[in-house]
Amino acid sequence: MPRGPLPSDEAVEAAISKVLSAEREAHESVAACRRHAEERLDSARRQARLISERCALRIQAVRQRHAQVLAERLSAFQDESSQLRKEHVPTAEEMARLRRAVAAVADDSTGEIP
């Protein structure tokens with residue numbers, strides 16, 4: 001099979017130069033994409049860290065509020081408990097009511113049977 005004329009050295013050099021230029025552009029494009037991806041990844045990590053920090057602060061606030069409510073309720077129960085343990089000394093009015101109630105029960109118990 002007959003071959004055509006070989007390309008000139010200039011044509012070969014131009015083709016090689018074109019291929020090398022395209023390869024450089026491809027490497028630069030890949031590097032630019034890699035940098036862009038890293039920037040987006042860093043941004044996503046920063047956002048995730050901020051969200052995590054906000055969540056931690058909210059959780060801490062909720063825990064503190066619950067601890068405060070719990071402490072208040074516990075204090076109220078302790079106050080009530082100490083009040084219940086105190087000895088009650090009836091007032092004169094309470095003693096008079098008690099005497100009237102005992103007298104009424106005695107009258108009902110000793111009264112006539114219908």
Is there side-chain contact between [X] and [Y], with at least one heavy-atom pair below 4.5 Å?
{"X": "Arg46", "Y": "Ser43", "value": "yes"}
{"X": "Gln60", "Y": "Leu57", "value": "yes"}
{"X": "Gln83", "Y": "Glu80", "value": "no"}

- prompt: Is there a donor-acceptor pair closer than 3.5 Å between any side-chain N or O of Ser109 and the backbone N or O of Val105?
  reply: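 Yes: the side chain of Ser109 pairs with the backbone of Val105.
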Would you find more than 12 non-hydrogen atoms of other residues, nucleotides or ligands less than 6.0 Å from [X] atom [atom1]?
{"X": "Glu72", "atom1": "CD", "result": "yes"}
{"X": "Asp79", "atom1": "CG", "result": "yes"}
{"X": "Glu53", "atom1": "CD", "result": "yes"}

Between [atom1] on residue [X] and [atom2] on residue [Y], distance to nearest 0.5 Å:
{"X": "Glu13", "Y": "Leu20", "atom1": "CD", "atom2": "CG", "answer": "10.5 Å"}
{"X": "Gln64", "Y": "His66", "atom1": "CD", "atom2": "NE2", "answer": "11.5 Å"}
{"X": "Ser21", "Y": "Ile16", "atom1": "OG", "atom2": "CD1", "answer": "13.5 Å"}
{"X": "Glu39", "Y": "Arg34", "atom1": "CD", "atom2": "CZ", "answer": "13.5 Å"}
{"X": "Leu74", "Y": "Ser81", "atom1": "CG", "atom2": "OG", "answer": "10.5 Å"}

query: Would you say the side-chain atoms of His88 and Glu94 include a donor-acceptor pair closer than 3.5 Å?
result: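 Note: His88 and Glu94 side chains meet the donor-acceptor criterion.
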- request: Check step by step if side-chain contact (heavy atoms from CB on, under 4.5 Å) holds for His27 and Val30.
  value: CA-CA 5 Å; His27 282 290; Val30 167; 5.8 Å; no
